[in-house]
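Counting starts at 1 for both ligands and their atoms, in listed order. Basis for what follows: all heavy atoms, side chains included, without hydrogens, waters or symmetry-related copies.
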Amino acid sequence: MKPDINILVVDDSRTQQHNIVALCQDNGVGQYCTISHIEVAENGVIALEKLRATHFHLVFVDLEMPVMDGIELVRVIAKDKLADAIIILSGKDPSLIVSIGTMAESDGLTVVGTFQKPLSADNLISSLKRLASNANKENGKEQQKVYNRLSADHILEGINKQQITLYYQPKLTCQGLLLKGVEALARWPHPKFGDISPFEFITAAEEFGVISTLTHYLFDIALKQKQQWQQQEINFHLAFNLSPLSLADEGLVDKIANQVENYALQPKDIILEITENAISGEVSKAIATLAKLRLKGFNLAIDDYGTGFANAQQLSRVPATELKLDRVLVNNVTTNPQQRAILKSTVILAKELGLKTVAEGIEHLEDFKYIHQIDVDLLQGFYFAKPMAAHKIKHWLQKELPLIRKELKLTCN
Ligand code: C2E
Ligand code: MG
Ligand code: MG
C-alpha cells in the first residue's frame, strides 16, 4: 500500500529547497508514495514551529544552518517524536553525515537516507522506497496485534489440521548461480485470520511451550520433501530454522537425528539455522547442543548475523559451518559506506574462521554486484526467488533460473 505523506524541507539555501521540492514533485515519486503536503523552513527554529503545528511524515534536514543547526534539530525531533522519518543532507564528508544518521537512529528516529548535497533523484527514490516499506511494516505490526489472541490450542489445531506448512527459498552459489540449497520457511494461511507471519506464530509457540511439537512437525514435512526431491535426483541441501529455545531441550539431538534416519537422509545434507542472539549471553548449554549436532554430522548456520550483538569471539566459539549475513547488512549496501565496511570485514572474518558466508535479503542488482565482488559464497533473496511452495521449485530451477543467469551475464559483463 502506498503511504500518503507530508514533507518538510529544512534548508537555509533557497536553491537546495527548490531542488528537493522539484524532485519530490517529479512523477517517479508517485510509484512509492502520495505527497499530500510539502512545506519548507529556512532554519531549525521555524522548522520546529511547523513540526509542532502539523504532523510531518518525512523531514529533510540540512546539517549546517544558522540559528539552530541540523544536529540540534535532529535531537529535538527525536526527543519529542516530531516526525516519522528523516533524511539527512550536508555538503560535508559522507562519514560525518552517516555518523549523524547513526546518532539519530540510536535516539529512536527512523533515518531513511544520509546523503551529500545536492540530493539526486536516485537517492530520493531509494529513501522513499524505504519509507514506504517501513510504513507497510508498521501496518503489519498493527495487523499482527490481532494475533495476540493466538493460544497453544490454536497452534496445535494448526498442526493437527496441517494448516501450518513450509515454503522453500533457493540458495544460490555466488559464482555461477547454481542452486546449492533451499531454506524451509514456515507458513500459516489461517482460515479465519488470513496469513499469519512466522515471526508471530513461532514467537507464540515459544511463549506457550509448544515450540518443540511445532519444530518436529515441520522438520518431518521438510525431510519428507527432501526425500522426494532426492528421489527425483534434485540434489541440494536443506536448511531448517531451529528456535533458540530448542537448544535447551535435552532430547533435541537424538530426536532430530532419528527423524533424519527415518527418511534415509544424511545429516551432512541438512543445515540447522540458529539466530545470532542464541549464541550471545549465557551459552554453554546452547554450545553443548550445537556441538552434539555437529558430531552427528549436521551442518550449522548462524542466522540473522548483523542484527544482534554477537562479537567475533562468540562467533569463534560456536561450532558453526555457515554465517548468514542478515539483510540489514546486505540491503542497499552500496549506498552506505559504513555498512559496506562492516559487510566486507565480516566476510573476511568469516572466511578466517572457516565459515561459509550467505548473503540474505538481496533485493537489488546493485547489492548483488557488490556481494559478488567481495566473494560471498551463497546468495538468498527476493531478487532471485521468493520462498515458494515445494512443487514450484523444479519449474523455477528448470525455467526461471536459466533466465536469471542469462540476464545477469548480460548485465554484469
Ligand atoms: P530467517 O530464517 O532469517 O528467514 C529469512 C527471512 O527473510 C524469510 O522471512 C524470508 O522470506 C525473508 N527474505 C528472504 N529474502 C528476502 C529479501 O530479499 N527481502 C526481504 N524483505 N525478505 C527476504 P519469513 O519467511 O517471514 O521468516 C521470518 C523468520 O521467521 C525467519 O527468518 C526465521 O527466523 C523464522 N522462521 C521461519 N520459519 C521458521 C521455522 O520453521 N522455525 C523457526 N524456529 N523459525 C522460523
Ligand atoms: Mg533462517
Ligand atoms: Mg536470516
Side-chain angles (χ1 to χ4, degrees), residues 129-130 132-134 136-137 140-141 143-144 147 155 158-159 163-172 181-189 195-208 210-223 225 237-249 252 256 259 270-279 299-308 310 320 322-333 357-368 371 378-390 404:
K129 265 196 212 165
R130 225 171 286 169
S133 104
N134 279 345
N136 287 335
K137 266 188 225 142
K141 273 189 207 150
Q143 281 169 18
Q144 280 173 10
Y147 309 125
I155 294 167
I159 294 174
Q163 290 165 351
I164 305 180
T165 172
L166 288 172
Y167 267 32
Y168 299 87
Q169 187 179 30
K171 291 169 73 182
L172 305 171
V182 291
E183 177 174 5
L185 293 158
R187 293 291 178 266
W188 190 0
D195 289 340
I196 307 179
S197 83
F199 175 76
E200 194 62 24
F201 66 81
I202 282 166
T203 312
E206 288 171 344
E207 263 176 41
F208 301 136
V210 292
I211 187 66
S212 167
T213 314
L214 180 60
T215 302
H216 295 295
Y217 158 79
L218 288 171
F219 195 44
D220 218 61
I221 298 179
L223 294 174
Q225 187 55 55
H237 71 239
L238 170 77
F240 184 83
N241 293 284
L242 283 183
S243 156
L245 292 189
S246 308
L247 300 183
D249 173 359
L252 179 90
I256 282 205
Q259 279 181 285
I270 314 284
I271 303 184
L272 299 168
E273 298 192 357
I274 46 132
T275 53
E276 179 193 23
N277 56 21
I279 60 156
N299 285 298
L300 300 174
I302 297 168
D303 203 357
D304 300 350
Y305 189 77
T307 58
E322 187 179 283
L323 187 68
K324 297 193 79 175
L325 308 158
D326 192 78
R327 70 169 180 273
V328 298
L329 289 181
V330 171
N331 198 260
N332 283 316
V333 62
T357 46
V358 184
E360 282 194 292
I362 300 181
E363 291 186 11
H364 313 287
L365 177 62
E366 291 307 311
D367 296 341
F368 164 68
I371 299 288
L378 298 176
L379 313 165
Q380 192 179 339
F382 291 176
Y383 185 77
F384 302 98
K386 288 194 169 170
M388 62 188 98
I404 299 173

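Not a single heavy atom of S197 sits closer than 4.0 Å to an atom of ligand 1. Distances shorter than 4.0 angstrom occur between a heavy atom of R187 and an atom of ligand 1. At least one heavy atom of E183 sits under 4.0 Å from some atom of ligand 1.
For the atom pair L325 CG and T357 OG1, the distance stands at 6.0 Å (nearest 0.5 Å). Put simply, CD on E207 and CD1 on I202 are 13.0 Å apart, with the number rounded to the nearest 0.5 Å. The CD1 atom of I371 sits 9.0 Å away from atom CG of L329, with the distance rounded to the nearest 0.5 Å. Going from atom CG of L223 over to atom CD1 of I270 covers 5.5 Å, rounded to the nearest 0.5 Å. Note: L166 CG to M388 CE = 14.0 Å, rounded to the nearest 0.5 Å. With values rounded to the nearest 0.5 angstrom, D249 atom CG is found 9.0 Å from T215 atom OG1.
Within E360, the N/O/S atom positioned nearest the Mg ion (ligand 3) carries the name OE1. For E183, the N/O/S atom at the shortest distance from the Mg ion (ligand 2) is named OE2. The minimum distance between the Mg ion (ligand 3) and any N, O or S atom of D304 involves atom OD1.
Ring pair F219/F240 is tilted by interplanar angle, where 30° to 60° counts as tilted.
For the residues A239, P198, S246, P387, the heavy atom positioned nearest atom 37 (C) of ligand 1 is part of P198. With E363, K386, E360 as candidates, the residue nearest to atom 5 (C) of ligand 1 on a non-hydrogen basis is E360.
Residue contacts with ligand 1, taken as heavy atom pairs separated by less than 4.0 Å, do not involve K324 at all. In L218, the part holding a heavy atom less than 4.0 Å from any atom of ligand 1 is the side chain. Under 4.0 Å from ligand 1, the heavy atoms of I202 that appear belong solely to its side chain.
The protein reaches atom 41 (O) of ligand 1 closely, with a heavy atom under 4.0 angstrom from it. Within the 4.0 Å cut-off (strictly below), no protein heavy atom is located near atom 29 (C) of ligand 1. The protein does not reach atom 32 (O) of ligand 1 closely, with no heavy atom under 4.0 angstrom from it.
When each atom of ligand 1 is checked for a heavy atom of S243 under 4.0 Å away, the hits are 44 (N). The distance from ligand 1 to the heavy atoms of Q169 drops below 4.0 Å at these ligand atoms: 14 (C), 15 (N). In the vicinity of I362, heavy-atom distances shorter than 4.0 Å reach the ligand 1 atoms 18 (O). Near L242, meaning under 4.0 Å from any of its heavy atoms, are these atoms of ligand 1: 44 (N). In summary, the atoms of ligand 1 found under 4.0 Å from a heavy atom of D303, numbered by their order in the structure, are 1 (P), 2 (O), 3 (O).
Scanning all heavy atoms of the two residues, the minimum distance from I302 to E276 falls at CG2-CA, 3.9 Å. The two residues Y168 and A390 make their nearest non-hydrogen contact at CE1-CB, 3.7 Å. Closest approach of F201 and I164 over heavy atoms only: CE1-CG2, 4.0 Å. Across every non-hydrogen atom of L214 and A205, the tightest pair is CD2-CB, 3.9 Å. The shortest non-hydrogen separation linking E363 to Y383 is O-CD1, 3.6 Å. The minimum heavy-atom distance between P387 and Y167, with the atom names listed, is O-CD2, 3.4 Å.
Taking distance alone, with nitrogen or oxygen atoms compared against 3.5 Å, Q380 stays at or beyond that limit from ligand 1. For D304, a nitrogen or oxygen atom sits less than 3.5 Å from a nitrogen or oxygen atom of ligand 1, counting backbone and side chain alike. Annotation: A186 places an N or O atom under 3.5 Å from an N or O atom of ligand 1; distance criterion only. At under 3.5 Å, not a single nitrogen or oxygen of T275, backbone or side chain, sits near a nitrogen or oxygen of ligand 1. Checking only distances, F382 does come within under 3.5 Å of ligand 1, N or O to N or O.
Distance from atom 6 (C) of ligand 1 to its nearest protein heavy atom, with residue and atom name: R327 NH1, 4.5 Å. Looking only at protein heavy atoms, the nearest one to atom 4 (O) of ligand 1 is L185 CD2, 3.5 Å.
Screening S246, S243, S212 for a side chain to side chain donor-acceptor pair (under 3.5 Å) involving E206 leaves a single residue, S243. E183 pairs in a side chain to side chain donor-acceptor pair (under 3.5 Å) with only one of the listed residues (Q169, K171, K324), which is K324.
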(request) Using the side-chain contact (heavy atoms from CB on, under 4.5 Å) rule, take H364 and I362 through it: C-alpha gap first, then chi angles, then the decisive distance, then the call. (result) CA-CA 6 Å; H364 313 287; I362 300 181; over 6 Å; no
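Of the possible polar contacts, one joining the D367 side chain to the N332 backbone as a donor-acceptor pair under 3.5 Å is found.
Rounded to 10°, the angle formed at the Mg ion (ligand 2) by OE1 of E273 and OD1 of N241 is 90°.
The Mg ion (ligand 2) has D303 among its coordinating residues (N/O/S atom, backbone or side chain, under 2.8 Å). Under 2.8 Å from the Mg ion (ligand 3) lies no N/O/S atom of D326, from backbone or side chain alike.
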